[in-house]
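The chain is numbered in sequence order, starting from 1.
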Amino acid sequence: MSRLNKIQKKNIIVGVVVALFVIFAAVSRKICSDPEIDRVLSLIRGIIYISIMAAWGVTVHLRIVQKQVRQYLGAISLLIILWLTIRTVKYEFVEDITAVRYLWYGYYFSMLFIPLFAVFVSLSLGKSENYRIPKWTRVFYIPAFLIFLMVFTNDLHQCVFVFTGGGEWSDLSYEYSFGIYIAVAWQVLCAASAIVIMIIKCRVPQSKKFFGLPLVLLAAATVYTALYAIKVPWIIYIAGDFTVSLCLFTVGIFECCIQCRLIQSNTGYDSLFSITTIGAHITDEKLNIKNSSKTAVELTGEVMAQAVNGSVMLDGKTLLKSHKIHKGYVFWQEDVSELADITKKLEQTQEELRDTGDVLKAESEQKAHWLRIVEENRLYDMIENQTAPQIARLKGILEKLKKTDEFAEAQKLLAEIVVIGTYIKRRSNLIFVAGQKDSVAAEELLLCINETASNLKLYGIECNVSYRISGQLSPSAANLIYDFFEAVIEKSLNCLTDILLYAEEDGTAVNVNISAACDCDLTELEDRFTSFTAERDEDGIWCLSLLLEKDGEII
């Protein structure tokens with residue numbers, strides 16, 4: 001069974017266990033007639049519900065990467081726990097009718113602020129780690145507090161609940177007034193707005209196929225509230241615990257948003273590492289393997305211990321290397337078969353020369369081999385010179401990775417390493433291609449751009465490419481286009497959210513346009529690229545353009 005299926009199986013098991021606990025709690029409300037036993041069961045029910053909500057809050061803290069989204073979801077889980085705690089105290093520990101009534105009013109603190117925090121969650125999605133929602137959004141606290149104040153002071157004006165019958169006022173005998181409709185409208189408006197904003201901001205196309213599930217649960221919660229308010233008998237019988245029902249609906253809606261990827265989570269990295277083409281293992285500090293890619297060879301503890309102190313040759317063609325990471329090591333394989341073949345051929349050539357005495361032929365072959373090595377060294381030097389800033393940046397990121405203890409920060413640094421490493425690999429490939437030919441195929445440049453665009457998604461950046469160039473480009477033109485794309489990314493990486501590259505040819509000219517959503521000042525790139533223009537529109541989107549000939553000359 002694949003790792004992905006294991007994750008799905010685990011989620012199903014957790015869901016079934018939670019469902020069994022909820023079913024047990026619901027059934028226990030109906031089957032027991034003994035008051036003492038029912039009191040004990042009622043306390044157990046309260047503990048079950050509060051434990052479920054607390055466990056969900058913990059999983060949210062572990063799964064959500066974006067700090068502000070995680071904080072607001074954590075606040076929502078605490079409000080749900082507060083709501084259930086007040087409900088348990090109201091029914092199990094308080095007998096004074098006035099205190100019971102005010103505990104009932106206290107429900108509305110959670111009921112009013114959970115939808116508001118849901119809106120704040122939706123506004124925070126798709127933003128950088130350090131993003132904070134605008135200060136003007138704090139104005140939404142005012143209506144929430146005013147509505148709660150109206151509910152909590154209901155004894156003075158009865159604008160929310162009108163108590164009927166004689167005797168003391170009780171939550172067992174009342175009618176609704178206009179204030180309750182204001183409170184319900186606030187809740188529905190905030191909840192619907194939050195989900196709509198999540199759907200609009202969703203960057204995963206396939207997720208929008210399932211956005212109906214959170215909406216269905218929201219609609220079901222609204223219908224349930226309406227039916228409960230008019231005291232429909234079968235609703236009271238099946239789901240008579242209004243607080244618990246709404247808490248389960250609330251958690252269900254947010255969990256559906258996470259599972260549908262309307263709210264991004266950090267699940268799935270094990271599967272991504274498993275299918276990578278790099279043969280690698282991740283171990284703990286005791287060299288116990290925790291994760292492996294599909295192409296990784298089996299390693300013994302002795303071999304890994306040797307690789308910690310230096311590279312180890314596995315089978316004559318595979319070199320095992322290691323690097324220390326936080327709380328463990330990463331081991332990866334490098335294919336050195338080409339180097340081994342060259343070494344073997346050199347040994348064979350030496351034997352042939354010794355046996356045949358064909359010195360002139362050997363000198364010719366050695367000269368050709370030497371020239372090839374010189375050319376390769378020239379290309380390697382060129383690669384080193386042209387990617388030196390990126391290599392230096394990688395070294396700095398690796399130093400930060402060694403020092404960080406934050407899991408989310410480590411993921412961000414690893415994603416940045418992938419983005420920068422992709423450029424170094426692809427830029428090197430362009431140099432090798434140019435060294436073999438006098439031109440670069442437009443399709444080769446597209447592969448470079450597409451790989452960079454794909455890896456940007458690991459960093460949480462949406463990147464789209466529209467590429468309308470065909471035929472052959474000069475090496476300088478191909479390098480300039482890719483360098484321009486990379487320069488924009490590196491300059492704005494920490495604040496970039498969306499980027500679009502549009503490249504088209506017009507006769508012998510190539511027009512490259514980039515639209516980038518970021519807060520950085522990209523006009524500084526004018527010092528690096530001539531015939532470069534940068535403008536920022538009223539929405540804060542940078543519009544960058546570069547015009548050049550297909551032979552590499554800038555117009």
Side-chain angles (χ1 to χ4, degrees), residues 53 68-69 71-84 86-87 101-125 133-162 171 174-201 214-231 235 239 242-254 256-257 262-263:
M53 302 309 166
Q68 189 161 249
V69 174
Q71 289 176 342
Y72 281 123
L73 286 177
I76 289 171
S77 69
L78 291 177
L79 287 173
I80 293 174
I81 293 172
L82 173 65
W83 192 358
L84 290 171
I86 294 174
R87 165 224 177 251
R101 190 169 65 254
Y102 275 95
L103 287 172
W104 176 41
Y105 293 159
Y107 289 176
Y108 281 82
F109 185 82
S110 297
M111 294 170 66
L112 293 169
F113 281 92
I114 287 175
L116 176 60
F117 286 167
V119 173
F120 292 163
V121 167
S122 66
L123 293 175
S124 304
L125 295 176
I133 60 175
K135 292 183 178 180
W136 63 263
T137 56
R138 297 175 184 174
V139 73
F140 292 120
Y141 285 108
I142 297 175
F145 274 114
L146 290 178
I147 296 173
F148 174 70
L149 186 63
M150 178 179 63
V151 175
F152 203 71
T153 59
N154 183 71
D155 286 1
L156 301 178
H157 47 71
Q158 295 195 52
C159 292
V160 183
F161 305 107
V162 178
D171 61 339
Y174 64 90
E175 293 180 354
Y176 294 114
S177 185
F178 69 90
I180 194 65
Y181 302 109
I182 297 175
V184 171
W186 169 262
Q187 296 172 60
V188 173
L189 178 63
C190 288
S193 299
I195 292 181
V196 170
I197 293 173
M198 289 180 192
I199 294 172
I200 293 174
K201 297 176 72 173
L215 289 177
V216 168
L217 285 180
L218 177 61
T222 304
V223 171
Y224 166 77
T225 302
L227 295 177
Y228 185 91
I230 61 178
K231 297 180 173 59
I235 283 290
F242 180 76
T243 298
V244 169
S245 299
L246 279 191
C247 288
L248 291 175
F249 271 122
T250 301
V251 171
I253 290 171
F254 281 109
C256 285
C257 291
L262 294 176
I263 299 176

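- Here Y141 and F120 bring their ring centres to under 6.0 angstrom of each other.
- Between F152 and Y105, the two ring planes are perpendicular [angle over 60°; tilted spans 30° to 60°].
- Atom CD1 of I81 and atom CG of L84 lie 8.0 Å apart (nearest 0.5 Å).
- The distance from atom SG of C190 to atom CZ of F140, rounded to the nearest 0.5 Å, is 8.0 Å.
- Residues E175 and F161 are not in side-chain contact: their nearest non-hydrogen atoms beyond the backbone lie 4.5 Å or more apart.
- Closest approach of L116 and A144 over heavy atoms only: CD2-CB, 4.2 Å.
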Before you tell me yes or no, could you show the steps for L125 and I197 under side-chain contact (heavy atoms from CB on, under 4.5 Å), namely the whole-Å CA-CA distance, both residues' side-chain angles and the distance that decides it to 0.1 Å? CA-CA 9 Å; L125 295 176; I197 293 173; over 6 Å; no
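- The structure places CG of L123 at 9.0 Å from CD of Q68, a figure rounded to the nearest 0.5 Å.
- In this structure, M53 CE and I80 CD1 are separated by 6.0 Å, a value rounded to the nearest 0.5 Å.
- Listed by first and then second residue, the salt bridge (Lys or Arg N to Asp or Glu O under 4.0 Å) pairs that reach into residues 133-150 come to none, sequence neighbours excluded.
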Which is it for F113 and F145 under the ring pair (Phe, Tyr, Trp, His ring centres under 6.0 Å) test, yes or no, and what are the steps along the way? CA-CA 9 Å; F113 281 92; F145 274 114; 4.9 Å; yes
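- Listed by first then second residue, pairs satisfying salt bridge (Lys or Arg N to Asp or Glu O under 4.0 Å) with a partner in residues 144-160 read R101-D155, not counting sequence neighbours.
- A search for side chain to side chain donor-acceptor pair (under 3.5 Å) contacts involving T225 returns nothing, not counting sequence neighbours.
- To the nearest 0.5 Å, atoms CG (L215) and CE (M198) are separated by 10.5 Å.
- A search for side chain to side chain contact (heavy atoms under 4.5 Å, CB included) contacts involving S110 returns L79, L82, W83, I114, not counting sequence neighbours.
- With contacts defined as side-chain heavy-atom distances shorter than 4.5 Å, the pair L218/V188 does not qualify.
- Taking every heavy atom of both residues into account, V119 and S122 meet most closely at O-OG, 2.6 Å.
- A donor-acceptor pair shorter than 3.5 Å cannot be found between the side chains of Y72 and S124.
- Taking the side chain as every heavy atom from C-beta outward, N154 and V151 never approach each other to under 4.5 Å.
- Judged as a side chain to side chain donor-acceptor pair (under 3.5 Å), and not counting sequence neighbours, T137 has no contacts.
- Between I142 and V139, some side-chain heavy-atom pair lies under the 4.5 Å cut-off.
- Here the shortest heavy-atom pairing between Q187 and M111 reads CG-O, 3.4 Å.
- For the residue pair C256 and L217, the shortest heavy atom distance occurs at SG-CD1, 3.5 Å.
- Two rings, from F148 and Y108, have their centers 6.0 Å or more apart.
- Ring pair F249/Y224 is tilted by interplanar angle, where 30° to 60° counts as tilted.
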Any chance you could lay out the side-chain contact (heavy atoms from CB on, under 4.5 Å) test for L103 and R87, step after step, and finish with the verdict? CA-CA 8 Å; L103 287 172; R87 165 224 177 251; over 6 Å; no
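- Evaluation of the side chain to side chain contact (heavy atoms under 4.5 Å, CB included) rule for V196 yields I200 as partners, not counting sequence neighbours.
- Between the W186 side chain and the L112 main chain, a donor and an acceptor come within less than 3.5 Å of each other.
- S177 places a side-chain N or O within donor-acceptor distance of the main-chain N or O of C159, the cut-off being under 3.5 Å.
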